[in-house]
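Residue numbers start from 1 in every chain, and the chains themselves are labelled A, B, ... in the order their sequence lines are given, proteins ahead of strands.
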2 protein chains.
Amino acid sequence: MEAKRATIKDVAEAAGVGVATVSRVLSGGSASPATRERVLAVAAQLDYRPSALGRNLRQRRTGGIGLLVPDLTDTFFGQLAEGVLACARSAGEPVVLGSTGDDPEQEAELVGMLLEQSVDRVIAVPSGGADTWGPAARAGMTVVFADRLPAERPGDAPSGPMPGSMSGSASGSTADLMLLDGVPPPPPSPPVLPTGVPAVLADDRAGIRTAVRYLRGLGHRRIAFLGGPGHDRRVAAFREAIGPAVDEDLVVFATGSRDSAYAAASGLFQSRPDLTAVLAGGNVLGEAAVLAARELDLRVPRDVSLVMYDDVPWAELCSPPLTVIAQPGRDIGYRACELVLRASGRRPRTVVLPTELIVRGSCGPLR
Amino acid sequence: MEAKRATIKDVAEAAGVGVATVSRVLSGGSASPATRERVLAVAAQLDYRPSALGRNLRQRRTGGIGLLVPDLTDTFFGQLAEGVLACARSAGEPVVLGSTGDDPEQEAELVGMLLEQSVDRVIAVPSGGADTWGPAARAGMTVVFADRLPAERPGDAPSGPMPGSMSGSASGSTADLMLLDGVPPPPPSPPVLPTGVPAVLADDRAGIRTAVRYLRGLGHRRIAFLGGPGHDRRVAAFREAIGPAVDEDLVVFATGSRDSAYAAASGLFQSRPDLTAVLAGGNVLGEAAVLAARELDLRVPRDVSLVMYDDVPWAELCSPPLTVIAQPGRDIGYRACELVLRASGRRPRTVVLPTELIVRGSCGPLR
DNA sequence: CGCCTCCATGGAAACGATTCCATCATGGTT
DNA sequence: AACCATGATGGAATCGTTTCCATGGAGGCG
């Protein structure tokens with residue numbers, strides 16, 4: 001019953017040829033039309049499928065590409081994953097998935113697992129810093145980052161300050177400074193990005209700037225930022241957009257969990273009842289903000305205006321529908337996959353995809 | 001620079017022992033304490049990692065487990081995937097992911113890909129029917145279904161009737177009948193489920209029944225069901241709960257896409273303005289229902305009551321917050337993974353996980 | 001007519017691991 | 001003192017594929 005799979009040897013035997021010939025026929029090598037046809041027929045009849053194991057072992061090449069995301073429950077990463085999957089499918093490459101939970105340790109462990117599987121092309125939304133990704137690259141992995149860049153300093157989790165704590169170093173991390181290209185009042189978009197680091201990112205800077213300007217235009221002055229893990233670049237952009245006089249109490253961080261996000265949002269609203277607008281750095285944060293506001297009887301947008309980074313299907317369902325900074329999650333994944341696949345040539349450049357402010361109903365004029 | 005990975009041979013050489021000894025030490029075989037220590041030291045120093053390729057080839061065993069879901073953008077499948085990932089990680093097994101888009105053809109293709117990768121344990125939310133999964137099983141795959149069962153009849157997509165069309169055969173599909181165990185007015189929960197089919201399912205029947213009773217209790221009589229691909233069991237449960245006099249026009253199907261869901265919902269509201277309650281078979285359908293209702297100026301719950309199958313984080317964000325039938329997506333994934341991992345012994349039984357009606361604000365009394 | 005080239009073809013090595021089996025040393029028993 | 005059981009150890013086969021290389025035949029050209 002359990003018919004074990006036919007091997008190339010079986011095919012060769014049945015077709016009366018050598019295994020080498022079968023291999024050549026199947027991988028497009030030269031062969032006489034007669035044998036080619038015969039081999040093909042036999043292979044089809046035996047339902048022969050070459051084993052990726054054998055092939056990969058021989059070629060010392062990997063099967064598949066790895067995909068590491070913080071949390072598939074977050075719609076954005078789901079979109080990103082769908083993009084990667086779509087591209088990988090069209091290339092016929094399997095995708096090995098890992099969820100890091102925004103934990104550098106788990107991430108490192110998963111990288112090890114991929115290494116063991118001989119998966120040497122990886123698309124990652126990084127949680128850890130150089131001490132994870134340095135070794136990975138050194139082990140010969142082709143890594144493309146998506147949505148974020150890893151923290152610069154070894155051992156530095158990119159989320160910066162811990163949950164509930166208010167703000168961090170006054171001028172952003174090393175990575176952020178580098179991102180901003182060292183020009184304090186930099187020219188308008190497109191932003192200058194670190195070269196040599198293959199990555200696909202959304203144009204956070206432009207998105208955030210647009211949102212801040214929009215809020216400013218509505219009269220808001222006390223604008224808060226609600227950040228999560230991996231939002232360093234967004235925070236930096238926020239600081240840049242706000243200008244020199246950033247009210248540090250209005251920059252708050254949460255970890256990846258929904259509870260933490262809610263706590264951060266609620267804490268922010270309670271400690272600073274004078275704020276008039278909030279910019280949430282991701283959809284989980286946005287959700288938390290809506291929830292916290294409702295819990296505290298703050299009406300949106302009457303009492304507080306809200307902009308969420310990330311467009312998700314339910315943003316339209318909220319009442320009022322949420323004004324968002326949309327980023328093309330699916331495209332980010334797709335492009336990252338393209339990059340990692342054709343990384344054979346010279347190293348791929350970083351790609352920046354545009355964001356878009358979608359104005360719905362969660363922002364109103366200052367009153 | 002590109003230090004290629006150390007092989008077992010390198011370790012053996014460096015430790016001055018044979019490869020067999022290294023293998024034994026590393027996989028817990030017998031060895032003298034002295035050599036064991038030496039080998040371990042050398043292995044650590046060389047940062048040796050056994051190649052899964054070599055191992056799997058030799059053992060003719062698969063690396064990893066496959067996971068096939070319709071769409072990672074759907075939060076529910078994201079939760080399910082997280083569950084699988086959690087369990088797989090703790091077992092040290094890599095997960096190969098595929099997204100089927102609810103398309104039997106893509107699904108079959110992905111199964112082929114997994115076969116090629118020698119991945120012979122699969123967790124699937126099936127889209128195709130027996131003509132996909134029969135061959136898969138025959139090829140020696142251990143398959144555990146999650147959330148759904150495949151259609152019984154070959155070539156029969158489990159979604160039954162096509163989008164927009166109204167209802168199907170008057171008494172559910174063969175699969176559903178089998179599910180109901182052939183007893184037309186069956187005893188209350190727990191439902192009798194098909195044995196021998198390894199699967200992890202939510203107790204749709206109880207969930208739907210509870211929801212229908214709840215709506216009935218509020219006075220609703222014209223209750224509609226909005227179904228999507230793979231919702232056969234839910235439809236069947238709905239029919240059963242409603243009783244013999246099912247208004248077939250109130251049972252509507254959409255395909256997996258959000259557009260289709262919206263179209264179905266909108267069409268339903270417009271063609272049957274007399275309905276007073278809607279039961280959405282999944283979160284995408286629920287989202288569509290909310291959107292369509294708003295578009296048509298139907299207020300929830302004043303004009304129409306709404307229950308959504310699936311609890312998702314944003315259900316609470318809606319206003320009013322959505323009353324839902326919660327199913328443990330993460331647990332379903334986790335259990336399915338457990339099942340597929342310890343499938344070595346006798347065949348695993350089907351597992352049914354409880355659902356829960358979470359009453360929030362989207363249902364009101366008939367007026 | 002002979003030689004050289006070219007192409008189709010098959011044998012065999014290699015990839016990196018596990019595992020069977022033979023070998024050898026050791027220590028205990030008769 | 002001879003023998004046997006036990007345990008550590010290394011060699012070699014094996015898994016399924018690709019690929020190098022040798023072989024042999026056919027055909028073209030000098």
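- For the pair B:Arg58 CZ and C:dA14 P, the computed distance is 19 Å after rounding to whole Å.
- The nucleotide whose nearest atom lies closest to any side-chain atom of A:Ser23 is, among C:dC15, D:dT18, C:dT18, D:dT18.
- Scanning atom types as modelled, no donor and acceptor separated by under 3.5 angstrom connect the side chain of A:Arg5 and the base of D:dG16.
- Considering only side-chain N and O atoms, A:Arg55 lies under 4.0 angstrom from the phosphate OP1 or OP2 of D:dT18.
- One finds a side-chain N or O of B:Thr21 lying less than 4.0 angstrom from the OP1 or OP2 phosphate oxygen of D:dG10.
- A residue-by-residue look at A:Leu57 and B:Gly16 shows that B:Gly16 has its nearest nucleotide of DNA chain D further toward the 5' end.
- Within the nucleic acid shown, A:Thr35 comes within 4.0 Å of sugar-phosphate atoms alone, with no base atom in reach, counting heavy atoms only.
- Pairing each heavy atom of B:Pro229 with each of B:Gly256, the nearest pair is CG-N, 3.4 Å.
- At most 12 heavy atoms of other shown residues, nucleotides or ligands fall within 6.0 angstrom of atom CD in A:Glu105.
- Between B:Ala6 and A:Ser32, it is A:Ser32 whose nearest contact on DNA chain C lies nearer the 5' terminus.
- When the nearest nucleotides of DNA chain D are assigned to B:Gly54 and B:Pro33 by heavy-atom distance, the more 5′-ward of the two goes with B:Pro33.
- In terms of phosphate contacts, A:Thr7 brings no side-chain nitrogen or oxygen within less than 4.0 Å of OP1 or OP2 of D:dC15.
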*Could you walk me through whether A:Leu26 and A:Ile8 pass side chain to side chain contact (heavy atoms under 4.5 Å, CB included), step by step?*
CA-CA 10 Å; A:Leu26 262 42; A:Ile8 198 174; 5.7 Å; no
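- The separation between A:Arg61 atom CZ and C:dG16 atom C1' is 17 Å, rounded to whole Å.
- The CD1-P distance, from B:Ile8 to D:dG11, rounds to 13 Å in whole Å.
- As a whole-Å value, the separation of B:Asn56 CG from C:dG16 P is 15 Å.
- One atom, CG of B:Leu26, and another, P of C:dT18, lie 8 Å apart when rounded to the nearest Å.
- Note on B:Arg49: only backbone sugar-phosphate atoms sit closer than 4.0 angstrom, heavy atoms only; bases stay farther off.
- In this structure, B:Gln59 places its CD atom 15 Å from C1' of D:dG16, rounding to the nearest Å.
- Nucleotide C:dA17 holds its C1' atom 16 Å from the CG atom of B:Leu46, rounded to whole Å.
- Base engagement by B:Ala20 is indicated by at least one non-hydrogen atom pair under 4.0 Å involving a base atom.
- At the heavy-atom level, B:Leu53 lies nowhere under 4.0 Å from the strands shown.
- No donor-acceptor pair closer than 3.5 Å links the side chain of B:Glu116 to the backbone N or O of A:Ser51.
- A:Glu37 has its CD atom 16 Å from the P atom of C:dA8, to the nearest Å.
- Sparse packing is recorded around CD of A:Glu37, with 12 or fewer heavy atoms of other residues, nucleotides or ligands lying under 6.0 Å away.
- Contact annotation: A:Ser51 does not reach the phosphate of D:dT17 (side-chain N/O to OP1 or OP2, under 4.0 Å).
- A 4.5 Å side-chain heavy-atom check between A:Asp71 and A:Asp102 finds every atom pair outside the cut-off.
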